[in-house]
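Just so it is clear, the values below take in all heavy atoms, side chains as well, and ignore hydrogens, waters and symmetry mates. Atoms within a ligand are numbered from 1 in the order they appear, just like the ligands themselves.
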Amino acid sequence: MSGKSKKLTRRKFIDLGIQGYAGLQLASLAPGTLLSLSGCTLGEAKTFHGVCYHDCPDSCSWKVTVKHGVITAFAADKNNPFTAGKLCGKMETFPQDIAFHPDRIVTPLKRVGEKGQGKFEEISWMQAIREVAEKLTASVEEYGSESVLPFGYMGTQSLIQKSAMSKRFFTKLGASNLSETICGAPAVTGNLLANGQTTGVLPEDIVNSRYIILWGTNTKKSNIHLWPFILKAREQGAKLVVIDPFKSVTAMEADLHIQPMPDTDVALALGMMHIIINEGLTDNDYIERYTLGFEALKAHVQNYDPASVAAICGLEESQIIDLAHEYAKAKPSLIRYLIGMEHSHNGGDAFRAIGMLPSLTGAWREHGGGLMHFTYELFGKALNWERLDMHSTLAEKETRFINMVQLGRVLNNRRLRPAIKTLFVFNANPVVSIPNQNLIRKGLEREDLFTVVVEHFITDTAKYADYIFPATTQLEHWDIADSWGQVYINLNQPAIEPIGEAKPNSEFFRLLAKEMGFTDPCFEESDLDLVKSVVDSDHPYLEGITFDYLMEHGWAKLKIPEPFMPHAQGGFGTESGKCEFYATSLKNNGHALPKYRAVRYRNSRDYPLQLMTVKATKNFHNSSHANVRHLIETEGAPTLEIHSKDALSRNISNGDLIRVENRNGSVIIKARLKNRIRPGVVLMPSGFWPSHIKGSSTANALTNDRLTDLGGGAAIQNCRVQVIKYEPEASVSETTDTHVKYT
Ligand SMILES: Nc1nc2c(c(=O)[nH]1)N[C@H]1C(S)=C(S)[C@@H](COP(=O)(O)OP(=O)(O)OC[C@H]3O[C@@H](n4cnc5c(=O)[nH]c(N)nc54)[C@H](O)[C@@H]3O)O[C@H]1N2
Ligand SMILES: Nc1nc2c(c(=O)[nH]1)N[C@H]1C(S)=C(S)[C@@H](COP(=O)(O)OP(=O)(O)OC[C@H]3O[C@@H](n4cnc5c(=O)[nH]c(N)nc54)[C@H](O)[C@@H]3O)O[C@H]1N2
Ligand code: SF4
Ligand SMILES: [Mo]
């Protein structure tokens, strides 16, 4: 970044910020200096309520104490029983790591270099908004409003800054819609087909379970606040089973780890059904009353005998038989799934088939028995969503949907009518997080593409922007959060003034709406108005949970009648009200019953290994925090898990630098031979920023934008690669910006 801010230099601002956070040198700094940082009045220490903004099932509550405009304490809210007094390691030092990060963007920026080069100059908000509005207006006039694509995702999942104003803006503009499919779409679609809702057993009720299967979810890393409840269940005698092709930190703790080949879970579930049905381990009364299509399912699973399933999954027959017996006989038995295995070709049907198991055994009848998936539908019922997005008052026409998984393909598709000419990226870092990194970069390089990014940092995506606008963090703005993994609603109060000239996402869209001449009153609503409107609902789950209540307490548990046993007596959300083993609506496209479909790979001789790229990092959250030095150091350089058999045949030893490659790209990384993965499969963490890595490519440089069987999700894991020992003279450029050291 070049140039100076008109007020404070960026460097000085950050210095002040860090001193401010540490709460040091209060005596030696004139109060006025600190005031200029925070704008807060002098006086007593004040504590503010807040909530973690990450796309995480836990949505932890926190408290921020500010004195003399300086943050003096930042910690988990000890009163919230789910947060239980602890944020995860990556969030404990959030204020200094993110809000006061020395690379934080503090003014709007305009590109002066080549696209992707990352050269910008500072520009005032007024001027930048004016220029963006002019370009947008001209482009919409020439190419139509659907040539505009908003690529906004879950960088913050709190409701106001996620999409409240942006949704209004893009609806009014008539832009293309983004299908938000990178996370959850196949899992939800699969579960909905079977059960009509994803809400099952509530997280805290897992303590009542006596047989717990964590199926394709790495709880100890990705859902850490559920773990203590699992430990409690184990203290009371529960057996813990983990089903995961990788020996994750969670699998290491299990009583039983079942390690199938990736993307074969649907076959495993159908194989379990084969045994449960044929051996009469079913709850026939439950099936009779509350399910549909049992006879069709019974006939179908005859194809999934233990021998066939063992061959598909790469397991022993006895493992499948024992698992089916134990699961069907244990009471209460619970299956916990979340996201992991949805990123595969068979992902949707895997979620559907597994979601049927509790209805076969009648597990739903027990408190703590059944299926645990998402909780967001409870908030869907309780909160006032219509007021939030105002869609019905703003939409003038139906506009097309663009699948976010295929961003690279879409940006490079010259036959698309209209082609994407303007791209807004906010709450997202697609160059890192979306499949086919190199195709996305190629699309972002297009000279005729106008790209606007709203961010905290110049990410590997923001480097391609024509304009970047500085966004506030959760410490600096109002918000309110629902959750997809628990049942607490949280208020987020701003604790400090925005750093530099940062503004909330909502304000960016308000200013742009004004400049575009959008006069609808809903663009005038403040963030505080929006927060209040969300809880303006008389749903019984919100009884007594008002804005005033949240101002005082910060969070509240939804008033859900207890014990919550949603399907003890049926009550499924499907059209029939039953658990549907057979989906009549899909009769004509071959999807009426869940089915294993083998994927055929081209060039499998050249690329014989199956690559899994998962969120295996403890210290990053997707790509967030992957630019925080101490977290990078704690995490260490990314490694490729490879079985010693596959390594040996390639003359690769533990710690060797290797090149992982396929037709999409190549990644230079170190080998790790811990045999936590099966032969034939390799695993690499996603989340690292390409610009920090030798070779400038990370996991998604190898992945395909192939879609899943259901829900239009990303079949990221159906990816084949070859692995070779890295020869430094190979034609891979090295970056100078290397934070991750290979020593
Ligand atoms: N290979 C592979 N790829 C994957 C996955 C995988 O398992 N393997 N997992 C996928 C999954 S499940 C998900 S959810 C996606 C996540 O993908 P993304 O949603 O793109 O998540 P992040 O990469 O963390 O990027 C979020 C960005 O939002 C920014 N941000 C945070 N708060 C704000 C704010 O208030 N305003 C603005 N304007 N910006 C903000 C952060 O700085 C960050 O750069 O990744 C997916 N990608
Ligand atoms: N530390 C940390 N926590 C996070 C995140 C993060 O980036 N870092 N991201 C957050 C987000 S956005 C999400 S969506 C959640 C996701 O949380 P999870 O549901 O736990 O999903 P993943 O982390 O994608 O994968 C979980 C496990 O699924 C396994 N898996 C992959 N493919 C298959 C398969 O075909 N079959 C089976 N049985 N298992 C498979 C992987 O090996 C992995 O160990 O975590 C959230 N929490
Ligand atoms: S990332 Fe998840 S576990 Fe960590 S503080 Fe945020 S909500 Fe809690
Ligand atoms: Mo996700």
Side-chain angles (χ1 to χ4, degrees), residues 51-62 76 83 86-92 94 98 151-156 158 161-162 182-184 187 214-219 221-225 242-251 258-265 268 337-344 346-347 350 425-430 432-435 453-457 459 461-462 469-474 477 479 483-485 504-505 508 612-627 677 683-687 698-700 702-703 714 716-717 719:
V51 56
C52 181
Y53 58 105
H54 280 314
D55 184 5
C56 175
D58 295 7
S59 296
C60 296
S61 307
W62 69 47
T83 305
K86 202 167 164 32
L87 303 176
C88 65
K90 61 188 177 291
M91 282 303 288
E92 274 170 353
F94 159 66
I98 302 292
F151 198 98
Y153 194 53
M154 296 278 270
T156 171
S158 296
Q161 306 310 337
K162 178 189 175 341
I182 190 72
C183 177
L214 300 177
W215 202 323
T217 181
N218 190 358
T219 312
K221 221 171 234 180
S222 54
N223 186 189
I224 62 167
H225 292 83
V242 171
I243 303 179
D244 194 319
F246 176 55
K247 199 170 190 61
S248 66
V249 286
T250 310
I258 302 217
Q259 203 167 7
M261 287 297 283
D263 197 22
T264 61
D265 303 83
L268 180 56
Y337 60 22
L338 197 63
I339 292 292
M341 72 215 141
E342 78 156 34
H343 287 137
S344 291
N346 289 282
V425 181
F426 52 102
N427 293 335
N429 188 4
V432 183
S433 300
I434 300 296
V453 174
V454 187
E455 250 298 348
H456 297 149
F457 300 107
T459 61
T461 304
F469 290 84
T472 43
T473 69
Q474 199 78 332
H477 54 228
D479 221 319
S483 172
W484 46 279
N505 294 344
F508 167 78
M612 296 174 70
T613 55
V614 302
K615 298 174 285 298
T617 58
K618 187 174 176 194
N619 299 283
F620 310 154
H621 201 90
N622 299 314
S623 77
S624 299
H625 301 256
N627 62 337
I677 196 88
L683 180 141
M684 170 187 306
S686 65
T698 47
N700 277 321
L702 298 159
T703 56
I716 300 173
Q717 316 297 9
C719 176

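When hydrogens are left out, the protein atom nearest atom 40 (C) of ligand 1 is Asn427 OD1, 3.5 Å; that is the closest non-hydrogen contact. Protein heavy atom closest to atom 3 (N) of ligand 1, with residue, atom name and distance, is Asn700 ND2, 3.1 Å. The single protein non-hydrogen atom nearest to atom 32 (N) of ligand 1 is His456 CE1, 3.3 Å, given as residue, atom name and distance. Atom 21 (O) of ligand 1 has its closest protein heavy atom at Asn622 CB, 3.8 Å. Protein heavy atom closest to atom 20 (O) of ligand 1, with residue, atom name and distance, is Asn429 N, 3.0 Å. The closest protein non-hydrogen atom to atom 8 (N) of ligand 1 is Thr613 O, 2.8 Å. What sits closest to atom 19 (O) of ligand 1 on the protein, heavy atoms only, is Tyr153 CD2, 3.0 Å. Looking only at protein heavy atoms, the nearest one to atom 31 (C) of ligand 1 is Gly155 O, 3.4 Å. Distance from atom 47 (N) of ligand 2 to its nearest protein heavy atom, with residue and atom name: Ser222 O, 3.1 Å. For atom 28 (O) of ligand 2, the nearest protein heavy atom (residue, atom name, distance) is Gly216 O, 3.2 Å. Among protein heavy atoms, atom 44 (O) of ligand 2 sits closest to Asp244 OD2, 2.6 Å. Protein heavy atom nearest atom 4 (C) of ligand 2, with residue, atom name and distance: His621 CE1, 3.5 Å.
Between Met612 and ligand 2, no pair of N/O atoms sits closer than 3.5 Å. Below 3.5 Å of separation, one finds no N or O of Thr703 facing any N or O of ligand 1. Taking only nitrogen or oxygen atoms, main chain and side chain alike, Thr617 reaches within less than 3.5 Å of ligand 2. Polar contact with ligand 1: present for Val454 (N/O pair, distance under 3.5 Å). Residue Ser248 has no N or O atom closer than 3.5 Å to an N or O atom of ligand 2. On a distance-only criterion, Ile339 and ligand 2 share at least one N/O pair closer than 3.5 Å. Between Tyr53 and ligand 1, no N or O atom pair is found at a separation short of 3.5 Å. For Ser624, a nitrogen or oxygen atom sits less than 3.5 Å from a nitrogen or oxygen atom of ligand 1, counting backbone and side chain alike. An N or O contact shorter than 3.5 Å links Thr217 to ligand 2 by distance. Below 3.5 Å of separation, one finds an N or O of Glu455 facing an N or O of ligand 1. Ligand 1 has a nitrogen or oxygen under 3.5 angstrom from a nitrogen or oxygen of Lys615.
Those atoms of ligand 1 with a heavy atom of Asp55 less than 4.0 angstrom away are 14 (S). The ligand atoms of ligand 3 that sit less than 4.0 angstrom from a heavy atom of His225 are 3 (S), 8 (Fe). Atoms of ligand 1 lying under 4.0 Å from any heavy atom of Thr459, numbered from 1 in the order shown and given with element: 44 (O). Proximity to Asn505 (heavy-atom distance under 4.0 Å) selects the following atoms of ligand 1: 34 (C), 35 (O), 36 (N), 37 (C), 38 (N). Atoms of ligand 1 found under 4.0 Å from any heavy atom of Ser686, numbered from 1 in the order shown, are 1 (N), 2 (C), 6 (C), 8 (N). Residue contact check: Leu338 has heavy atoms under 4.0 Å from atoms 17 (O), 19 (O) of ligand 2. The atoms of ligand 2 that sit less than 4.0 Å from any heavy atom of Lys221 are 1 (N), 2 (C), 3 (N). Those atoms of ligand 1 that come under 4.0 Å of a heavy atom in Cys183, given as number and element, are 12 (S), 14 (S). Every atom of ligand 2 is numbered from 1 in the order shown, and the set under 4.0 Å from a heavy atom of Asp263 is 34 (C), 35 (O).
Contacts with ligand 1 closer than 4.0 Å are made by side-chain heavy atoms of Ala471 only, the backbone lying farther away. Contacts between Ser623 and ligand 1, counted as non-hydrogen atom pairs separated by less than 4.0 Å, involve both the backbone and the side chain. Looking at His343 against ligand 1, only its side chain comes within 4.0 Å, counting heavy atoms. Counting heavy atoms closer than 4.0 Å to ligand 3, residue Ser59 contributes backbone atoms (N, CA, C, O) but none from C-beta onward. Within the 4.0 Å heavy-atom criterion, the part of Thr472 lying near ligand 1 is the backbone and not the side chain.
When each of Ser624, Cys88, Cys60 is tested with His54 by the rule side-chain contact (heavy atoms from CB on, under 4.5 Å), just one qualifies, namely Ser624.
Side-chain contact check for Thr156 versus Gln474: some heavy-atom pair is nearer than 4.5 Å. Side-chain contact between Cys719 and Thr613 is absent, with no heavy-atom pair separated by less than 4.5 Å. Side-chain contact between Val614 and Leu683 is present, with at least one heavy-atom pair separated by less than 4.5 Å. The shortest side-chain heavy-atom distance between Tyr153 and Ile182 falls under the 4.5 Å cut-off.
Comparing Trp484, Tyr337, Phe246, Trp215 against atom 15 (C) of ligand 2, the shortest heavy-atom distance belongs to Trp484. Nearest-residue assignment for atom 18 (P) of ligand 1 (options Ser433, Gly152, Pro504, Gly184; heavy-atom criterion): Ser433. Across Asp265, Val249, Val242, Thr219, heavy-atom proximity to atom 36 (N) of ligand 2 is greatest for Asp265. Scanning Gly340, Ala187, Pro262 for the heavy atom closest to atom 25 (O) of ligand 2 points to Gly340.
Among protein atoms, those of element N, O or S found less than 2.8 Å away from atom 4 (Fe) of ligand 3 are Cys88 SG.
Taking a 4.0 Å cut-off on heavy atoms, Met154 fails to register as neighbouring ligand 2. Using a 4.0 Å cutoff on heavy atoms, Ile182 counts as a contact of ligand 1. Under a 4.0 Å heavy-atom criterion, Pro245 is in contact with ligand 2.
In this structure, His456 and Tyr53 have perpendicular ring planes: the angle between them is above 60°, well past the 30° mark.
Distance check: Cys52 SG to His621 NE2 gives 7.0 Å after rounding to the nearest 0.5 Å.
Between the side chains of Asn622 and Asp55, not a single donor N or O lies within less than 3.5 Å of an accepting N or O. For the residue pair Asn218 / Thr250, a side-chain donor-acceptor distance below 3.5 Å is found, with atom types taken as modelled. At a cut-off of 3.5 Å, with distance as the only test, a side-chain donor of Ser623 or Asn429 sits close to an acceptor on the other residue.
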